[in-house]
A.B. asks: 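Just passing along the structure, written as structure tokens.
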Amino acid sequence: MAVKLLAFSGSTRAGSLNQALLDLAVAEARDRGAEVTSIHLKDFDLPLYDADLERTAYPQGARDLRALFLTHHGFLIASPEYNGSISGVLKNAIDWASRPFEDQPATIIAGFRGKVAGIMGASISPFGGLRGVTHLRQILGTIQTVVATEQVLIPAAATAFDENGKLKEALPAQLLGVMAARVIELAEKLSPPTA
Ligand SMILES: Cc1cc2nc3c(=O)[nH]c(=O)nc-3n(C[C@H](O)[C@H](O)[C@H](O)COP(=O)(O)O)c2cc1C
């Protein structure tokens, strides 16, 4: 059985630079044998997390997203940097997906525990969204996910892609492949394929 990765971006806008970066990472992971489910957070009904809503009218989109996390060995996540952190869209999705399943103790975050993440960011600034990606690493570590040490940052991202959507610079393009390989390797170690 191939390693299954869930891929999503914290930016929902058309023409997102982070989505462009994510698409390249997805291709790298598929080239290395991973089965990748690429989703758009905009397609899920995800109101702002609210404990009352969770108790009385759990949104179907949040249920669907949480189930998807559970059935994948790892994640590829592209994070825009908003005001020095990750986007509200991304944090809200992680918050919903991290809510415990009814039959499990609150100490086990089933959708994230023992999973692996490869993280990346594209930003129009010279810093490549480093602050957002660093926060994302911390958040994922808090919820029991192993984040690959390799990460990809694309500074000045508005001019970093060519007309075919490829990165113009060779080094970050290569690093995407190295990161994808590491995520697959770690996922195989943490969740050995069963069939
Ligand atoms: C609310 C908001 C806050 C932002 N804050 C930052 C920031 O702190 N650092 C940064 O590098 N870029 C910041 N940006 C610019 C984003 O890097 C830029 O809009 C980028 O294109 C967003 O990613 P996307 O193309 O995937 O949507 C901000 C953009 C928005 C809309």
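Every heavy atom of this structure was used, including side-chain atoms; hydrogens, water molecules and symmetry mates were not. Both counts, for ligands and for their atoms, begin at 1 and track the order of listing. We count residues from 1, following the sequence as given.
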A.B. asks: State plainly whether one hydrophobic cluster holds both Ile86 and Leu76, where clusters connect Ile, Leu, Val, Met, Phe, Trp and Tyr through side-chain heavy atoms under 4.5 angstrom apart.
C.D. replies: no
A.B. asks: Identify which one of Met1, Glu188, Glu35 satisfies the side chain to side chain contact (heavy atoms under 4.5 Å, CB included) criterion when paired with His73.
C.D. replies: Met1
A.B. asks: Do any N/O atoms on Gln19 end up under 3.5 angstrom from N/O atoms on ligand 1?
C.D. replies: no
A.B. asks: Considering only heavy atoms, does Ser11 approach ligand 1 within less than 4.0 Å through its side chain, its backbone, both, or neither?
C.D. replies: side chain
A.B. asks: To the nearest 0.5 angstrom, please state how far the CD atom of Gln174 sits from the CD atom of Glu28.
C.D. replies: 9.5 Å
A.B. asks: Would you mind checking which non-hydrogen protein atom is closest to atom 26 (O) of ligand 1, with the distance to 0.1 Å?
C.D. replies: Ser16 OG, 2.6 Å
A.B. asks: Within the 3.5 Å criterion, strictly below it, is a donor on His72 or Thr37 matched to an acceptor on the partner's side chain?
C.D. replies: yes
A.B. asks: What's the shortest distance from atom 22 (C) of ligand 1 to any protein heavy atom, and which residue and atom give it?
C.D. replies: Pro80 CB, 4.0 Å
A.B. asks: Among all protein heavy atoms, pick out the one at the shortest distance from atom 23 (O) of ligand 1; state its residue, atom name and that distance to 0.1 Å.
C.D. replies: Asn18 ND2, 3.1 Å
A.B. asks: Short check: is a protein heavy atom less than 4.0 Å from atom 19 (O) of ligand 1?
C.D. replies: no
A.B. asks: I need the Glu185 CD to Leu190 CG distance, nearest 0.5 Å.
C.D. replies: 10.5 Å
A.B. asks: Sequence neighbours left out, what pairs pass salt bridge (Lys or Arg N to Asp or Glu O under 4.0 Å) with at least one residue falling in residues 141-164?
C.D. replies: Glu150-Arg182
A.B. asks: So which heavy atom in the protein is nearest atom 21 (O) of ligand 1, and how far is it from that ligand atom?
C.D. replies: Leu17 CD1, 3.5 Å
A.B. asks: Any non-hydrogen atom of Gly84 lying under 4.0 Å from ligand 1?
C.D. replies: yes
A.B. asks: I'd like to check which ligand 1 atoms, numbered from 1 as shown, lie under 4.0 Å from a non-hydrogen atom of Ser125.
C.D. replies: 11 (O)
A.B. asks: Under a 4.0 Å heavy-atom limit, does Glu81 contact ligand 1 with its side chain, its backbone, both, or neither?
C.D. replies: both
A.B. asks: I need the nearest protein heavy-atom contact for atom 31 (C) of ligand 1: residue, atom name and distance, please.
C.D. replies: Tyr82 CE1, 3.8 Å
A.B. asks: Checking a contact table here: which protein heavy atom is nearest atom 5 (N) of ligand 1, and how many Å away?
C.D. replies: Asn83 N, 2.8 Å
A.B. asks: How far is atom 11 (O) of ligand 1 from the closest protein heavy atom, and which atom is that?
C.D. replies: Ser123 OG, 2.5 Å
A.B. asks: For a side chain to side chain contact (heavy atoms under 4.5 Å, CB included) with Leu22, tell me which candidate from Leu24, Val26, Asn18 qualifies.
C.D. replies: Val26
A.B. asks: Less than 3.5 Å apart, any donor N or O on the side chain of Ser123 or Ser125 sitting next to an acceptor on the other?
C.D. replies: yes
A.B. asks: Thinking salt bridges, do Lys91 and Asp95 make one under a 4.0 Å N-O criterion?
C.D. replies: yes
A.B. asks: Side chain or backbone, does Gly15 bring an N or O within less than 3.5 Å of an N or O on ligand 1?
C.D. replies: no
